[in-house]
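For reference, the structure discussed in these notes is given below.
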Amino acid sequence: MPFRFLRLQGFLAAAILLLATLVALPAAAQDRADIVAEICSGDFAAQQSALSRLAGAGVEAGSEGALWARRIVEAFEGRSLRCGDGLAVIDTPDGPLRASTLEPAEGVDTSTLSAPSVNLRLRAVAASAGAVLRLFTEESVAARAEAAAYVDRRREALTPEILAAAVERETDAALRDTLSTLRASLLLADPDPVNRIAAIEAIAQDATLRNRTAIAEALAGETDAAVLAAGEKAMAGIDRTLALGKVLATLYSGASYASVLFLAALGLAIIFGLMGVINLAQGELIMIGAYAAWFTQEAIRAALPGLLDYYLILAIPVSFLAAALVGLLMEVLVIRRLYDRPLMTLLATWAISLLLINTVRVTVGSQNLEFYQPAYVSGGFPVLGDFIMTSNRLFAIAVALFAFIAVVILLRRSLFGMNVRAVTQNRAMAGAAGIDTRRTDMMAFALGSGLAGLAGLALSPLYNVNPGMGTGFIVDSFMVVVLGGVGSLVGAIVAALGIGQINVVIEPIYGAVAAKVLVLLLVIVFIQWRPEGLFAPKGRR
Amino acid sequence: MLLTISNLSQHYGSARALDGVGFSVDKDSCTAVLGRNGAGKTTLLQTLMGLMPATGGRIELDGADITTAPPHRRARGGLGYVPQGREIFSDLSVGQNIEIVLRNHRVSEPDALRDEIVTLFPVLGEMWHRRGGDLSGGQQQQLAIGRALASRPKMLILDEPTEGIQPSIVQAIEDAIRDLKGRMAILLVEQYYDFARSVADAYVVLDRGRVVKSGKGADMERDGVADLLTV
Amino acid sequence: SPWVARKAFAAAHSDTVKLGCLFSSSGTMANIEGRLNYVARMAAEELNAKGGVLGKMVEVVTTDPGSDWPLYAQLGRQLIQQEGVAATFGCWTSVSRKSVLPVVEQNDALLYYPLHFEGEENSKNVVYLNSPPSSSVLPAVEYLMSEEGGSAKRFFMLGSDYVWPRTINQQLKGYWASKGIEADAWREEYVPVGHSNFQTLINEIRAFADQPGGQPVVILTVVGNSIPDFFREYVNQGISAFDVPVLGLDALEADFEGLDTTALVGHLNCWAYLQNAPGARNQEFLSAWANYVNANGVPYRPDVAIDPMVSTYDGVHLWALAAEKAGSFDVPAVREASAGLTFACPSGYEISMTAENTYVKRGVFIGSLNESQGFDILWQSPDTPDPVPFSPYMNA
Amino acid sequence: MAKIQSDARVDRPLLFRIVAICLLALIVAVPLLGGPLSGSALGLTPYLANIIGQIATFALLALALDLIWGFGGILSLGHGLFFAMGGYLIAMHMLKAGYVYGGVTPDIMTFMGWTELPAYWFGFESFPYAFVLILLVPGLVAFLYGWMSFRSRVSGVYFAIITQALTYVAMLLMYRNDTGFGGNNGMTGFSTLLGVPVGAPGMVTGLATASLVVLLLAFLACGALMRSPFGRLLIAIRDDEARLRFLGYDTLWPKLAAWCLSGVLAAIAGALYVPQVGIINPRLLAPEVSIEIAVWVALGGRGALSGAVIGAIIISALKFWLTGFVPEAWPFILAGVVLVVVTLLPNGLLDLKPQRLLAPLRRNRKPAPEPAE
Amino acid sequence: MTAPGAQAIQIDGLRVSFGDFVAIPQLTFIARYGEVHGVIGPNGAGKTTMLDVITGKTRPKAGTVRLDGKVDLLGMDEPAIALAGVGRKFQKPSVFEALSVRENLETALRLKPRSILAEIRSWADPRRGTRVAEVLEEIGLSDLADTPAGILAHGQKQWLEIGMLLMQRPKLLMLDEPVAGMTEEETRHTADLVRRLRSPERAVLVIEHDMAFVEEIADRVTVLHEGNPIFEGRMADARQDPLVRQVYLGR
Ligand SMILES: Nc1ncnc2c1ncn2[C@@H]1O[C@H](COP(=O)(O)OP(=O)(O)OP(=O)(O)O)[C@@H](O)[C@H]1O
Ligand SMILES: Nc1ncnc2c1ncn2[C@@H]1O[C@H](COP(=O)(O)OP(=O)(O)OP(=O)(O)O)[C@@H](O)[C@H]1O
Ligand SMILES: NC(N)=O
Ligand SMILES: [Mg+2]
Ligand SMILES: [Mg+2]
């Protein structure tokens, strides 16, 4: 009966497997010692082959073997594997363990032993092997999926056999598909053209330039017409995706650059655009905002380490208020006396910027501050082709949009917004009309300063934060305000988008500097044509 | 007494523009300030509003000393000011020019007041959404008066309010002033002697920063004020 | 001329001798260059603790050229002419050195320069404390091209636009050409000093890397704040050292202070000193620095030491040895006495001044960035190779 | 309410004379004390002589800016452009002369791997040629840019910001080594000027004296010009350009003339500056530098030539002195001084009238009443 | 030489709009040499706008503006129009505040209008001094000749501005509300001045809301309403015109 026969077959297979394990174990002991010795040998080629074997051997030896192999690989990578005097131990906080058996190594003084050096090659193989082993040892599907994604990128220790075993073993259907595709993609040089075509198709699923190059290289020696056709088709497909990805990438970098420009200019759009104060310390207010974010981070790290991941969010009010406070002091102590002498504000704010930079330098130091980068501002998501949406820039874009909307609503809808405009147009008459000009000036200046602080926060994942960071923003932010039309917030955002987008279109062609030069020249020419910016205030003078 | 000014003085640099000016204004009465060009009328009103700090003397509004108060305190204390040269907020719309005062003063029944102002100066209603700075000179003058009324002042201070205004509206303004007279005090600087005489309960004549004559409105003719205004 | 005599007289009759420092504590270089001021002070304290030099206490005069090259010339002039310093320790970038060079030459003064650099210069008024490319960059590039180093085949040179990167790359191109490597195997890009937005360039690097032709590497010669900016964007765009390793020629432990380096592990640098250098001499130096920082409230980390710090430290001691040997602070005498001097450098090597020029023989380290913002030693030279001021590959 | 323009409109004659006399005294003193008497107790070290010379060029630069800003009301936040042009042109001359006559290869040729200098370096070994270009090139650039902007009625802060942008563009270009002007390194290592070795004994005092002489001449000439009808026209433009046009003046030309004159003066200042510092690089084109020029003028009191000169001298002298004397504290002191001036003296240092300083000495006189704010 | 009664300024089919607001829909207007022509009308009627067009400050959407029946002013910029002989006093007095009264007057005088350089050289011309002294006398500011114009009172600035026009000796002289803010006595004095300005070679346009003043000086008035001329003729007749009374004069 076929049915019974199958059962028998299953039983036999299990038995053989069990037997193999039993037989393998004593042999493995010797193997393990050999592998460890090779890793410790300091000979590059031996180390490399030992690491590759670890993956395969670990897998073959079943889950216990895989766990052991993983332990070794991780110890090697983390440099806690110590060798010397024919001894190999893993240094753990609870004392050393013998590498080949993982039994405590009593009486071994690890300080006389040294970690084998890990060069890039070895590290790559180790990383790959580690991921393969995770694929076999991790309990959760998510962790295995992560390992699979990693293995996809780092294939040094990967063989079709290993993947076959992994597919076999995998219980999660989706992950099994992923692994099958991955396995197929390894067969680019398979003798069977069908497998080669499958490999090409598997590879083409991820449309990157790197994969295109892999296909192109495989096709170089190809003779089979079907494979060639499949390759050409796959490459054409990748090319289309790449092109689209490139367009998106350009738009995204344009938007991200624009968000930086806009954030830097937003506070100025109020202080200079609305209030008419040529604030040369605007960059320093940005710097203050970034420092406030850093202090928030440190405070949270000390007091509420659990919330550290959210420090950038928690710092939003802190950065805003810190810069606003500095702005408030500036206004109350100095700027207030100068509203009827706008040129003197140039002088005063120059001095204030000097003061702020150096105060921070003397008190905090001139080194770059260390910012912890939570997940939402580090790394990026591959979107399409080679377009990776980097999170830190996405954060800046989000903050810029948020700030823009909030400020527009505030200035358009609130009495405060109307008061600011009235006061800047005619300070004396505004007072006579019952507006508290002092307070309005103070609040408006503080708002403009606080927005600069917010910019500092949003830009801290993008730029180095040090006392001098603000000076770099002066030209750009004045440019944005002027191009947009002094006093127009919408102008500022349009100008920032324009400058940002044109810049990133030119940049890959002529380089960063030439792009900047061309953009600035364009702006200069544009101003000749519209001497009061994009959104010039209209009407009688 | 609503407003009492005593011994007020003011300089521009070393030039004296007001020199020991003193007079007082009754509740709901109309006082005309007269004087030749450069006599110091505008300076007086500006000092009164706190647009420049007085260099000497004392100003009392409703019994409170406001000599050093900032302009917005005086405005909220009940002074509504129509400056010479209009000085409207040119980048705000006509409506906003009025609204901003209504809202900063938190006047009661703003809608009624707004309607009242528009009825007084229909052109403001027509141009409600236009930019203040785009209005013609006379339209701006009307806006300036409307704006001052929007704070429901206890005392309306007008610096040559009919300057540059078409005759029919001058009449309207004159009527309005007559009409307002019972409801608020009015301090009026006016070159147009006949009009001043016809509305004023009291008058003050300035010359080179000094009060050279003052008295009841009804006595202007008898006191020969007209002669003081010519050479 | 009379005023020189006056200065010399003043110097001879006071009981201190002045050393000048020309290191920026503001501007784009501040983060790394600024700490050299403190190291010079620390070395001077060590000398003073032993009774000074030729019986005089050493006084260190610091300035702040603010990462502004012309200001180096101005302040150099001030140190030499106005302060009458016996020697000047200064400059990080080669461009700043080029800017003070005429000043030290016109005044026949001595500048101790602590950075590895491009060579092609041999002034008798400069003591080149650190290595020219022959004993720093070339060994590192050779390593990258070796089997063990990853068999690099294609090179993306990215530098700040000034003399050091331009010259280094010029030499590298000559070197590769001499190995028969075709010009399409490399690409050269420059950004302005202080450039911070590397978004587009890293896209380009990725595109370059993804093309066929063998293992790509980046030879990074950007300086100052551009270094952390570059690496941050590199991580964000998801490129790891396994894909495209970066050899950061000016990259130091201190450049990574603000960064999480877990995703940067494996990138390389090459210097005459790495903080992980073995040996007791290094431990001694590290604890001296930590103590100095803590005792004096120095605004830099006590647990980070970088090559130019050590080179500056070496320089102060080499100068003291030379002055003691010469029995005088006069520049010509000190210069003459310098030839052949040796010093036990914290790097573990016994460094020595060459006899024929004012170069210093030093060891070479290749470092690999680790998780904790430090560099592990991947390779180190068996001895101290002879410095070669003028590269044979320069106009090859 | 219409406040009258508080800008001083012509120089306070007394102050003007005092400044002129001080400059004259320096012209006599510097060569004397820096030359024959340099070893004496009163003598000037070359270091000090050099500083004086540099400051004189800064004062000249401030004068140039005040001409258009103080009088014409045209604020330039990019005057570093013209200063740098003068500097670059003289530097090109010195390098080329050193190369052609002295055989000194400029660094840039080495690291760029050039065997010859780019074509636009042609002829620079000749001083007269370089000299003419120092007047011509900045003048032409000023003319083209000014013509374009004034004609399109770009004015006020728009003008200020785009001059800044223009200078910034120039900086970015000059920082590129490919542009052929030495890139970030700029130009240094000069060997001779007018055939005299740069390190020659009299060179430092000579250059300093020359700078002072040029400064004095420019000061007197500009003073005369600003008191002339032309100056009055400029002031009228500053106060109400539109009104002047309705009187039939095409304001383009007087503005352009003042602008070009200012540019050329700034370039001359640059050409005197660079041989004295021995290096030029694009840093001079940085926005901060140009802003600082405006700060000098504002501090001194814009609209009065003596104010500009005094402002430049005070700030740059303070900076020279303090950076050496208290390197950590100087930014605080400088900022403090500026803030005190700004808050106490509405129109800059010019509010410190010499007469007023003397006032306490004269008895039986009431001090003039303070202007009302 | 222009003949008295000849057309000085001739406006045809003029249309001015700001955005979608039409200030002047379709205006035809003529002013003649030898006459003082009053232009009156409600606030916002377009009087100032008309002057803005003539002086080149505002560009119309359609229409022609000719001087002497031939020179097309629309093709010229402000200085050229001024040099062609058009002078204007602004509604809001505008003088050069940092210059003294005397210098304001000197600046207004163009002896050598061809080139600014020649003009500047001619500033030493003795004729200038005499002329300035005359005008100072005429506008009654002799005592204030050396004070900065910025500190003059409103009325004084008005006078100074008229003085500047007198210096200019334009063919077409346009005064926008010259007596606003003046005392009655000053108004009379100004009226005298304006009458004296009338000459066969000159056309004078006066915009004013002071009807007594207009009546006193104007040979002819045009009443504008919403950009349209609704009346042209003698002032005395205008007072009787019902439409004029309704939209402008009141009662
Ligand atoms: N900002 C100022 N600076 C200096 N002096 C001034 C200033 N404003 C006005 N003055 C002078 O002060 C005096 C009084 O001026 P004010 O404007 O008060 O006169 P007025 O009576 O309102 O005249 P008008 O009827 O012309 O409006 C005048 O002599 C004037 O020249
Ligand atoms: N730049 C502008 N933008 C929008 N509207 C304008 C502009 N200039 C003028 N106007 C409108 O055109 C109309 C005519 O204005 P104009 O100033 O010519 O009136 P006017 O006759 O001089 O009035 P007044 O007697 O009050 O001075 C007014 O309604 C004004 O609001
Ligand atoms: N030598 C350098 N890093 O410029
Ligand atoms: Mg008045
Ligand atoms: Mg009008």
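Sequence lines set the chain letters: A, B, ... in the order given, protein chains first and strands last, and positions in each chain run from 1.
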Practice task
Would you give the length of the straight line joining atom CD of A:Q373 to atom CG of C:D260, rounded to the nearest 0.5 angstrom?
Solution key: 8.0 Å

Exercise for the section: Tell me, for C:E204 versus chain A, whether the close heavy atoms (under 4.5 Å) come from the side chain, the backbone, both or neither. Expected result: side chain

Completion exercise
Pair count under 4.5 Å, heavy atoms only, with chain A: among C:G150, C:G34, C:G149, highest is C:G150

Practice task
Report yes if the side chains of C:R206 and A:I388 come closer than 4.5 Å at any heavy-atom pair, otherwise no.
Solution key: yes

Completion exercise
In terms of heavy-atom contacts, A:R121 and C:S151 come closest through NH2-OG, 4.2 Å

Exercise for the section: Specify which of A:G379, A:G472, A:A127 makes the most heavy-atom pairs with chain C at under 4.5 Å. Expected result: A:G379

Practice task
State, to 0.1 Å, how close C:P299 and A:G365 come at their nearest heavy-atom pair, and which atoms those are.
Solution key: CB-CA, 4.1 Å

Problem - Choice from C:A241, C:P212, C:S240, C:A263 maximising heavy atom contacts with chain A below 4.5 Å - result: C:P212

Practice task
For residues A:R393 and C:Q199, determine if any side-chain heavy atom of one lies less than 4.5 Å from a side-chain heavy atom of the other.
Solution key: yes

Handout entry: Part of A:V260 within contact of chain C (heavy atom distance under 4.5 Å)
Key = neither

Exercise for the section: Name the region of A:T471, side chain, backbone, both or neither, that has any atom closer than 4.5 Å to a heavy atom of chain C. Expected result: neither

Practice task
Please flag which part of C:D229 lies under 4.5 Å from any non-hydrogen atom of chain A: side chain, backbone, both or neither.
Solution key: both

Exercise for the section: Using atom types as modelled and distance alone, determine if a side-chain donor or acceptor of C:S196 lies under 3.5 Å from a backbone N or O of A:Y463. Expected result: no

Problem - C:E189, part contacting chain A, at a heavy-atom distance under 4.5 Å - result: neither

Exercise for the section: Could you check if a side-chain atom of C:D64 sits within less than 4.5 angstrom of a side-chain atom of A:R361, using non-hydrogen atoms only? Expected result: yes

Practice task
To the nearest 0.5 Å, tell me how far A:S253 OG sits from C:N197 CG.
Solution key: 8.5 Å

Problem - A:R79/C:E371 salt bridge by N-O under 4.0 Å criterion - result: no

Completion exercise
When the 4.5 angstrom heavy-atom criterion is applied to A:P508 and chain C, the contacting part is both

Fill in the blank from the handout: Comparing A:R210, A:Q48, A:R212, A:M469 against chain C, the one with the most heavy-atom pairs below 4.5 Å turns out to be A:R210

Practice task
Against chain A, label C:Y234 side chain, backbone, both or neither, depending on which of its atoms sit under 4.5 Å from a heavy atom there.
Solution key: neither

Problem - Atom CD of A:E146: over 12 foreign heavy atoms under 6.0 Å - result: no

Exercise for the section: Side chain from CB out, backbone as N, CA, C, O: work out which of these in A:Y257 comes under 4.5 Å of a heavy atom of chain C, or both, or neither. Expected result: side chain

Exercise for the section: Output the residues of residues 510-519 of chain A for which the shortest heavy-atom distance to chain C is under 4.5 Å, in residue-number order; output 'none' if no such residue exists. Expected result: A:A512, A:V513

Completion exercise
Ranked by heavy-atom pairs below 4.5 Å to chain A, first place among C:P228, C:S67, C:S25 goes to C:S25

Completion exercise
Honestly, the part of C:H267 sitting under 4.5 Å from a heavy atom of chain A is neither

Problem - From C:T200 atom OG1 to A:I509 atom CD1, the distance as rounded to the nearest 0.5 Å - result: 11.0 Å

Completion exercise
In short, C:P245 meets A:L120 closest at the heavy-atom pair CB-CD1, 3.2 Å

Completion exercise
Whatever's closer than 4.5 Å to a heavy atom in chain A on C:A209 counts as neither

Problem - Engaged part of C:E33 at the chain A interface, taking heavy atoms whose separation is under 4.5 Å - result: neither

Problem - Region of A:P382 in contact with chain C, defined by heavy-atom distances below 4.5 Å - result: neither

Problem - Spatial distance of atom CG (A:L462) from atom CZ (C:R232) [nearest 0.5 Å] - result: 8.0 Å

Practice task
Please determine if A:R153 and C:D243 form a salt bridge, counting it only when a charged side-chain N lies under 4.0 Å from a carboxylate O.
Solution key: yes

Fill in the blank from the handout: dist A:T390:OG1 -> C:N236:CG (nearest 0.5 Å) comes out at 6.0 Å

Problem - N/O donor-acceptor pair under 3.5 Å between A:N464 side chain and C:N225 backbone - result: yes

Completion exercise
Honestly, the part of A:N119 sitting under 4.5 Å from a heavy atom of chain C is both

Practice task
Search all heavy atoms of A:E217 against all heavy atoms of C:G213 and return the closest pair with its distance.
Solution key: OE2-N, 3.9 Å

Exercise for the section: Measure the spacing between CG of A:D386 and CD of C:Q237 and express it to the nearest 0.5 Å. Expected result: 10.0 Å

